[in-house]
Structure formats: C-alpha cells, structure tokens
> 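Got a structure for you, questions after.
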Amino acid sequence: MNIMQQMQEALKSQIEDAVVKADLATKEELPAIILEQPKDKAHGDYATNIAMQLARIAKKAPRKIAEDILANFDGEKASVTKAEIAGPGFINFFLNNTYLSDLIPTILEQGKDYGNSTIGKNEKIQVEFVSANPTGDLHLGHARGASVGDSLCNVLQKAGYDVAREYYINDAGNQIVNLAKSVQARYMQALGKEMDMPEDGYQGADIIALGEKLAKEHGDKLLEESEEKQLSYFRDYGLKYELDKLATDLKAFRVSFDHWFSETSLYEDKRIEPALDVLKEKGYIFEEDGATWFRSTDFGDDKNRVLIKNDSTYTYLTPDIAYHKNKLDRGFNKLINIWGADHHGYIPRMRAAIQALGYDADTLEVEIIQMVNLFENGEKIKMSKRTGKAVTLRELMEEVGIDAIRYFFVMRSCDSHLDFDMNLAKSESNDNPVYYVQYAHARICTMLKQAADKGIDFKDFDASLLTSEKAETLLKKLGEFTQVVGDAAMNRTPHRITNYVFDLASLLHSFYNAEKVLDPENVEGTKARLALMDAVRITIANALDLIGVEAPESM
RNA sequence: GUCCCAGUAGCUCAGCAGGAUAGAGCAACAGCCUUCUAAGCUGUGGGUCGCAGGUUCGAAUCCUGCCUGGGACGCCA
C-alpha cells in the first residue's frame with residue numbers, strides 16, 4: 001500500500017469510528033466511506049459525503065450529522081489539520097501535507113516500479129486481442145485494437161493481475177481457402193496469364209506482392225503440380241507469409257503476445273468434438289433442417305445458432321467455443337476479448353456458450369472497440385475492404401510514427417468513435433499531445449543532466465522546502481498515479497493513462513515556467529526541486545511505458 | 001423491426017462507484033523568450049450536458065420513452 005492509500009485508509013477509519021461513537025449508525029449499517037478529492041482547493045484535500053448518506057439511517061439533517069461526526073472525530077490520528085462542514089453536508093478535510101514529502105523518496109526508490117499495486121491479487125486473466133485473419137495487412141481498426149489491448153495488458157500487469165496475451169489465428173475455414181485461391185490468381189497474373197480473382201478474394205497489395213514473389217522464385221514450375229497440390233502449397237505459403245508479416249508489424253508496433261493460438265490446432269488436437277459433447281450432455285444441442293444447433297436462446301441470445309452446417313462443416317462459432325473452453329481449461333478465471341464494433345452482435349452467443357460450458361456469464365468480458373475514421377487535411381479518407389484500399393498499419397507507422405499512433409489510439413474511450421487526424425498526429429508542435437508529454441520528459445532530462453554536469457547531487461534533499469503551490473499540486477498529482485493505474489485496470493479503461501499523463505505534463509510545464517529549478521543562489525532549494533523533477537520524470541516515463549510510447553531524453 | 005455504441009463549448013473529447021460553480025486541447029482574442037528547450041507558459045470570452053418524464057437531499061452520470069448519427073442482426077468469418 002502506498003502513502004496516499006495509507007493516508008486515505010487512516011482518514012476513513014477515523015470517520016468510521018466517529019460515526020459509531022456519535023451513535024449515528026452501527027458498524028453494520030455504515031455504508032463504505034467515500035473520499036473524494038474536491039476540484040476546488042477551498043474544499044480541502046479530501047471530502048466525504050457520509051453525512052448525507054447517513055441522513056436516512058440516522059433520521060437527522062445531514063449538517064447536524066456532520067456536526068456530530070466532527071464532535072467525535074480525532075483528527076490527529078489522520079493528519080487532519082482542519083475539518084469543515086460545507087454545502088448540503090459535506091465534510092471537508094484539510095491535511096497536514098508533510099506526508100507528501102515522503103512521496104518523492106518512494107518514487108525515486110521504486111523507479112520503474114512506481115505505480116505498481118496488488119489490487120489484481122494475481123488473478124489469472126487472459127486477454128485475446130487483434131486476432132486479425134491472416135489474409136491481409138493490418139488496418140486502422142486492428143491498430144486501435146492492438147494499442148488498446150496491449151496498453152490494457154500493461155495496465156493490468158502493473159495493477160497486479162497475472163496477464164496472458166493471446167492472438168487467435170483463424171487459419172482454418174473458408175477464408176483460408178480463399179487466401180489460397182487469391183494467391184494462386186495473383187501468381188498467375190504475375191506470370192502474365194489470365195486468371196480472375198475469386199469472388200471473395202483478398203484484394204490487398206500484399207497478396208499481389210506475394211504473387212510476384214512466387215513468380216520470381218518459381219517461374220511457372222508450380223503449374224506442373226495438380227490443382228489440389230498447388231492450392232495446398234499456396235495456402236501454406238500464403239499463411240506463413242501473412243503470419244510472419246502480422247508478427248513483424250505488431251512487433252514493430254511494440255505489441256507482443258505470449259501465445260499465438262492456431263485454430264487449426266483445435267482440429268489437430270481433437271478439441272472440438274469434446275467441447276460439443278459437453279454441450280450435448282447438458283442438453284443444449286438439437287438437430288433441425290439437417291444441421292446441428294446450439295440452443296443459445298436458453299441464455300438470452302435472440303436466436304439459436306448453427307454449429308454444424310448441413311454440409312457437415314462447422315460454422316465459425318464451433319471451433320471458437322472449443323477455443324474458449326480450452327482457455328478456461330487452462331485455468332484462467334477471467335477472459336477478456338477485444339473485438340471491433342462490427343463483432344458486437346457475436347457477444348450474446350459467445351457468452352451463452354460460456355454459460356453452457358458451466359461458467360458464469362461474466363467470466364467472459366468483451367471490450368468493443370469502436371471504429372476509426374482517418375482524416376487528412378480535414379477530409380475523411382474512405383476505406384474499402386473490398387478493393388483492399390485501406391490504409392495499413394505499416395504505412396501509418398512510416399508516415400506518422402509509432403509514438404503518435406499508439407498515443408492517439410489509446411487516448412479516447414473505446415466506446416467512442418475515433419477521428420484520427422493525420423496532420424495533427426504528424427505535427428511536431430504543441431498541438432500534438434504526444435509531443436507535449438514527451439517534451440515535458442525531455443525538459444526534465446535536460447535539467448537533470450545540467451545538474452549532473454555541475455556536480456550537483458540531490459540525494460540528501462529536503463522535501464519540506466517544496467512549499468510553493470505549483471510544487472504541491474505537482475506532488476499531489478504524482479501521488480495519484482498508483483490509484484489511476486488501479487482504476488484503469490479495474491474499469492478496463494487504459495485511456496485514463498493518457499488523460500493522467502497529459503495533466504501531469506501540463507502541471508510540469510506550468511511549474512517549469514514559474515520556478516527556476518537550478519538556482520545557484522539556493523543550493524538546498526535546488527536539490528529539493530531536482531528531486532521533485534526526477535520523481536516527475538519517473539512517473540511520466542512509467543505512464544508512457546504503459547501505453548507503449550517512448551520517453552525521449554531530448555527532443 | 002430487434003440489439004449495441006455515441007450525442008457535453010464553434011471543433012475533437014474528458015468527466016472516476018450520483019455530489020458543491022460541468023473540465024481540457026484546438027480554434028478566437030490579449031500578453032510572456034538578455035534566465036534550466038517558446039515543441040512551453042499566463043489570462044479572456046464561449047455550455048438549454050440531444051429532448052421529455054421518473055428515481056432522490058442531490059442527476060451530464062441511474063431508469064423509461066422518443067429524436068439524431070454510426071454499427072450489428074448469415075447454415076460468412
């Protein structure tokens with residue numbers, strides 16, 4: 001538990017004691033004490049609404065209750081210097097802020113670990129994200145999913161969850177047959193022979209390049225093989241090529257996975273039948289119109305779903321159920337899937353399957369990532385999957401840079417559609433939030449370097465010298481970091497990290513402009529400020545690390 | 001028709017378990033570089049929180065209905 005949490009817990013327990021002592025409520029009746037940090041400084045460091053909450057239980061006016069609480073409140077035990085009743089019945093607490101001076105040594109000592117907590121209680125949680133079909137390049141939607149997924153995993157880990165990152169490879173089924181046919185057509189075309197693309201073929205430039213590559217390497221030799229052998233070759237070759245490309249691009253994008261799970265392996269390891277058997281035993285399976293169905297409506301889905309088509313092949317859902325069963329068999333007690341908005345309709349049936357397998361519905365959480373619109377020069381860039389004319393992640397990385405993409409994609413709540421402004425992301429100006437934050441970090445590094453060059457050692461700093469309002473605001477913000485990470489983890493909202501780090505950078509810039517850090521006239525003050533700067537540097541770097549953005553030492 | 005997401009300042013969006021006068025960036029306007037990076041700072045103006053009800057001490061936040069925009073509703077994946 002960090003200093004801020006200790007402070008809050010101490011305060012809460014004093015409030016609880018006071019309520020019980022004042023005979024307003026018993027310990028059992030008492031609701032959880034809520035402490036909030038008022039926006040207005042005149043309202044103190046913390047405020048509680050407990051008096052209003054107790055109005056019904058104690059049958060008294062909130063302000064009267066607040067008075068009774070304060071009459072029985074021992075402020076000294078919680079570092080409270082002043083407590084006031086305000087508004088409809090808030091109690092505002094003003095704290096002795098010396099506790100803040102303990103914060104800097106903690107941050108400096110913890111370094112990269114500052115912000116870590118144990119609220120995840122080591123819970124085994126699996127996050128499946130991206131899982132783009134190996135049939136083309138990653139586009140913007142995947143990139144957002146990758147950014148959010150990776151950042152969420154980082155946040156969860158920092159908050160003490162035991163996280164496994166997984167990519168589900170859809171390397172079985174129709175789309176792979178299509179891939180093989182598409183590669184074949186592109187290969188033929190590269191040889192100068194007439195061949196139409198299959199109807200649902202993959203039109204991407206990557207497949208054209210692949211066809212040319214094959215033509216170059218093999219000439220027309222591949223045509224000597226049987227059609228079946230050719231397609232099998234194109235399938236394997238295309239799959240490997242696409243998967244390598246996905247892995248390379250994602251790695252470049254600073255996203256890695258603990259496990260790449262192959263759909264085909266479900267067939268090879270005979271995992272699909274046993275999963276179906278479980279549903280069958282429990283009576284959720286029935287036959288109709290020559291097909292095998294899952295009665296997902298038993299669990300709130302709006303219609304039942306086919307598992308085995310009347311041509312005796314599986315639907316997409318069937319191996320996916322086996323896959324999720326496998327995840328659960330591996331001992332994860334929480335599964336998070338990150339899907340694009342176009343898959344949201346798939347949630348009820350998957351959740352039904354989880355329940356049919358004997359688990360709670362909320363074992364599976366699905367985070368839906370809304371769509372991305374790309375804007376350049378104020379105009380929306382149209383994307384078309386059919387013609388393959390979508391902007392790829394690779395192109396975007398080359399044009400915009402990884403830091404800006406990662407930051408922009410995680411900056412907004414997943415629920416919101418995201419307008420990605422190319423001009424803004426590319427601009428090296430203060431309009432660009434990424435540069436704004438990185439600049440704050442670089443500024444600090446410059447000061448620390450200059451101090452080091454001058455031989456200033458601030459190890460023996462005295463934090464009590466940091467009395468200015470701007471320094472104090474900065475300190476309080478630093479103290480919030482652990483809580484912010486914990487909230488982002490529990491609510492699955494990595495965008496809070498960008499909000500936080502932006503605010504922190506803003507406070508740093510403000511402080512920087514108001515106070516001279518390196519002051520030859522005041523050695524002790526300089527040391528204290530340098531220590532504060534180092535703590536800010538560490539916190540910014542840790543926050544940026546969570547969202548996969550670099551923290552440069554100079555710009 | 002059913003379901004999901006969104007609707008907050010001119011624009012893009014925050015707003016944490018309901019809390020005090022609704023915030024930030026951009027844009028507009030006015031200032032700050034003989035001083036640690038002006039990729040920065042300071043200040044001003046700008047809002048019926050889509051609409052209508054309800055829940056309560058209190059609603060941008062929760063519930064219901066409606067309106068608008070986007071998406072999903074396959075024996076596709």
Side-chain angles (χ1 to χ4, degrees), chain A residues 32 34 36-40 42-43 47 49 52-53 55-56 61-62 86-90 92 133 135 170 172-176 178 200 263 288-293 302-303 305-317 320 340-348 368-371 373 375 378 411-419 421 424 427-440 442-451 483-484 487-488 490-491 493 495-496 498-499 502-503 505-506 508-519 526 529-530 533 554-555:
Chain A
I34 295 169
E36 58 178 48
Q37 298 180 26
K39 287 168 232 162
D40 189 339
H43 295 143
N49 60 356
M52 279 109 87
Q53 292 198 309
R56 229 165 310 165
F90 289 100
N92 296 333
N133 286 346
T135 54
N170 293 121
N174 271 338
Q175 79 275 15
I176 296 305
N178 256 324
D200 298 316
E263 181 184 355
E288 197 174 289
D289 300 333
T292 302
W293 296 69
D302 55 0
K303 51 185 88 156
R305 306 295 171 176
V306 171
L307 292 175
I308 305 174
K309 297 179 256 181
N310 58 19
D311 68 359
S312 78
T313 62
Y314 296 129
T315 60
Y316 180 81
L317 178 63
D320 212 13
D342 52 341
H343 285 82
H344 89 262
Y346 194 73
I347 298 173
I368 290 297
I369 311 280
Q370 292 298 327
M371 305 194 71
N373 290 315
F375 283 83
M411 178 165 64
R412 302 298 181 211
S413 153
C414 306
D415 298 331
S416 287
H417 295 198
L418 188 141
D419 289 343
D421 183 338
L424 180 60
S427 84
E428 298 190 358
S429 76
N430 54 352
D431 299 353
N432 190 333
V434 194
Y435 284 91
Y436 183 85
V437 173
Q438 290 182 319
Y439 184 49
R443 266 187 156 169
I444 295 172
C445 290
T446 302
M447 288 185 282
L448 293 174
K449 189 171 179 305
Q450 289 187 2
Q483 189 68 45
V484 168
D487 284 353
M490 283 190 292
N491 297 313
T493 49
H495 74 278
R496 284 198 201 164
T498 54
N499 290 345
F502 186 87
D503 289 346
S506 178
L508 181 277
H509 287 309
S510 180
F511 174 85
Y512 180 93
N513 275 272
E515 295 190 32
K516 184 113 175 106
V517 172
L518 301 167
D519 179 5
T526 297
R529 285 187 293 269
L530 282 169
M533 290 299 98
S554 67
M555 289 172 75

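Per chain, numbering begins at 1; letters A, B, ... match sequence-line order.
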> Between A:Gln37 and A:Glu515, which is nearer to the 5' end of RNA chain B once each is assigned its nearest nucleotide?
A:Gln37

> Examine B:rA38: is either OP1 or OP2 under 4.0 Å from a nitrogen or oxygen in the side chain of A:Arg443? Give yes or no.
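The answer is yes; a side-chain N or O of A:Arg443 sits under 4.0 Å from OP1 or OP2.
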
> Which part of the nucleic acid does A:Ala55 contact within heavy-atom distance under 4.0 Å: base, sugar-phosphate only, or nothing?
nothing

> Do A:Arg496 and A:Asn491 have side-chain heavy atoms sitting under 4.5 Å apart?
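They are in side-chain contact.
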
> If you restrict it to nitrogen or oxygen atoms, what contacts under 3.5 Å exist between nucleotides 2-8 of chain B and the protein, and what is each distance?
| residue | atom | partner | partner atom | Å |
| --- | --- | --- | --- | --- |
| B:rC5 | O2' | A:Asp415 | O | 2.5 |

> Under the side chain to side chain contact (heavy atoms under 4.5 Å, CB included) rule, collect the residues that match up with A:Arg412, sequence neighbours excluded.
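Partners of A:Arg412 under the side chain to side chain contact (heavy atoms under 4.5 Å, CB included) test: A:Arg144, A:Leu418.
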
> Might you list the N or O atoms of the protein lying below 3.5 Å from N or O atoms in nucleotides 27-31 of chain B, with each pair's distance?
none

> To the nearest 0.5 Å, what is the distance between CG on A:Asp415 and NE2 on A:His495?
8.5 Å

> Counting Watson-Crick and G-U wobble pairs with both distances under 3.5 Å, what is the dot-bracket string for RNA chain B, 5' to 3', using [ ] for crossing pairs and | for pairs to another strand?
(((((((..((((.....[...)))).(((((.......))))).....(((((..]....))))))))))))....

> Output the rounded distance in Å from CG (A:Asp342) to P (B:rC73).
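After rounding, the reported distance stands at 8 Å.
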
> Any donor-acceptor pair, under 3.5 Å, between the side chain of A:Asp200 and the base of B:rA77, if you only look at N and O atoms?
no

> Indicate the atoms forming the closest heavy-atom contact of A:Ala55 with A:Pro62, along with that distance.
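Distance-wise, the nearest heavy atoms are CB-CG, 4.1 Å.
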
> Distance check needed: B:rC11 C1' versus A:Asn373 CG, whole Å only.
15 Å

> So, do A:Ile368 and A:Ile347 sit near enough that their side-chain heavy atoms are less than 4.5 Å apart?
yes

> How long is the line joining OH of A:Tyr512 and C1' of B:rA38, in whole Å?
10 Å

> Going by ring centres under 5.5 Å and near-parallel planes (under 30°), is A:Phe90 stacked on B:rG19?
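Stacking is absent between B:rG19 and A:Phe90, given that the ring centres and planes do not meet under 5.5 Å and under 30°.
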
> So what does A:Ser554 hit on the nucleic acid, given a heavy-atom distance under 4.0 Å: a base, only sugar-phosphate, or nothing?
base

> Could you tell me whether the side chain of A:Asn310 has a donor or acceptor atom within less than 3.5 Å of a complementary atom in the base of B:rC75?
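Yes.
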
> With sugar-phosphate meaning primed atoms plus P, OP1 and OP2, does A:Ala86 contact a base, only sugar-phosphate, or nothing at under 4.0 Å between heavy atoms?
base

> I need the CE-P distance between A:Met411 and B:rC13, as an integer number of Å.
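Nearest whole value for this atom pair: 9 Å.
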
> Reckon A:Ala488 touches a base, only the sugar-phosphate, or nothing at all at heavy-atom distances under 4.0 Å?
nothing

> Side chains of A:Glu288 and A:Val306: closer than 4.5 Å at any heavy-atom pair?
no

> Name the nucleic acid region contacted by A:His343, choosing base, sugar-phosphate or nothing; use a 4.0 angstrom heavy-atom cut-off, strictly under.
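Result for A:His343 = base.
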
> Across the strands shown, which category fits A:Asp289 at heavy-atom distances under 4.0 angstrom: base, sugar-phosphate, nothing?
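Touches a base.
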
> Does B:rC36 have OP1 or OP2 sitting under 4.0 Å from an N or O in the side chain of A:Lys449?
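For B:rC36, OP1/OP2 do not have a side-chain N/O of A:Lys449 under 4.0 Å.
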
> In whole angstroms, how far is the C1' atom of B:rC13 from the CG atom of A:Asp421?
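The distance from CG of A:Asp421 to C1' of B:rC13 comes to 13 Å, rounded to the nearest Å.
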
> If I pick the C1' atom on B:rC16 and the same atom on B:rA59, what distance separates them, to the nearest angstrom?
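The answer is 16 Å between these two C1' atoms.
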
> Would you say B:rC41 has OP1 or OP2 under 4.0 Å from some side-chain N or O of A:Tyr436?
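Yes, because at least one side-chain N or O of A:Tyr436 sits under 4.0 Å from OP1 or OP2 of B:rC41.
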
> Please lay out, stage by stage, how A:Val437 and A:Phe502 fare under the test side chain to side chain contact (heavy atoms under 4.5 Å, CB included).
CA-CA 6 Å; A:Val437 173; A:Phe502 186 87; 4.2 Å; yes

> Can you list the steps and then say if A:Tyr316 with A:Asn170 is a side chain to side chain contact (heavy atoms under 4.5 Å, CB included)?
CA-CA 9 Å; A:Tyr316 180 81; A:Asn170 293 121; 3.3 Å; yes

> Measuring only between side-chain heavy atoms, which start at C-beta, is A:Met533 closer than 4.5 Å to A:Tyr512?
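No, side chains not in contact.
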
> May I have the distance from A:Asn178 (atom CG) to B:rA77 (atom C1'), rounded to whole angstrom?
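A:Asn178 atom CG is separated from B:rA77 atom C1' by 10 Å.
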
> What N/O pairs connect the protein and nucleotides 21-24 of chain B at under 3.5 Å? Give each pair on its own line.
| residue | atom | partner | partner atom | Å |
| --- | --- | --- | --- | --- |
| B:rU21 | O4 | A:Asp40 | OD2 | 2.8 |

> At under 4.0 Å between heavy atoms, what does A:Ala451 touch on the DNA or RNA strands: base, sugar-phosphate, or nothing?
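Nothing, no heavy atom under 4.0 Å.
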
> Grab the CG-C1' distance between A:Asn499 and B:rG15 for me, whole Å please.
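The answer, rounded to whole Å, is 9 Å.
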
> Just confirming the chi classification of B:rC33, syn or anti, using 90° around 0 as the syn window.
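Syn conformation here, the glycosidic angle of B:rC33 being no more than 90° from 0.
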
> So, taking the atom named CG in A:Leu317 and the one named CD1 in A:Ile308, what distance separates them when rounded to the nearest 0.5 Å?
11.5 Å

> When you check the phosphate oxygens OP1 and OP2 of B:rA77, does a side-chain N or O of A:Lys309 lie under 4.0 Å from one of them?
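True: A:Lys309 side-chain N/O within range (under 4.0 Å) of B:rA77 OP1/OP2.
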
> What is the distance from CD of A:Glu36 to P of B:rG19, rounded to the nearest Å?
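Distance check: A:Glu36 CD to B:rG19 P gives 7 Å.
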
> Could you check whether A:Arg496 gets within reach of a base, just the sugar-phosphate, or nothing at all, counting any heavy atom under 4.0 Å?
sugar-phosphate

> Specify the residue among A:Glu288 and A:Asn49 whose closest nucleotide of RNA chain B lies further upstream toward the 5′ end.
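The answer here is A:Asn49.
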
> Could you go through nucleotides 42-47 of chain B and list every protein N or O atom that sits under 3.5 Å from one of its N or O atoms, giving the distance for each pair?
| residue | atom | partner | partner atom | Å |
| --- | --- | --- | --- | --- |
| B:rU42 | OP1 | A:Ser510 | OG | 2.9 |

> For A:Thr446, answer base if it contacts any base atom (sugar-phosphate contacts may also be present), sugar-phosphate if it contacts only those atoms, and nothing otherwise; contact means non-hydrogen atoms under 4.0 Å.
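Base, at least one base heavy atom under 4.0 Å.
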
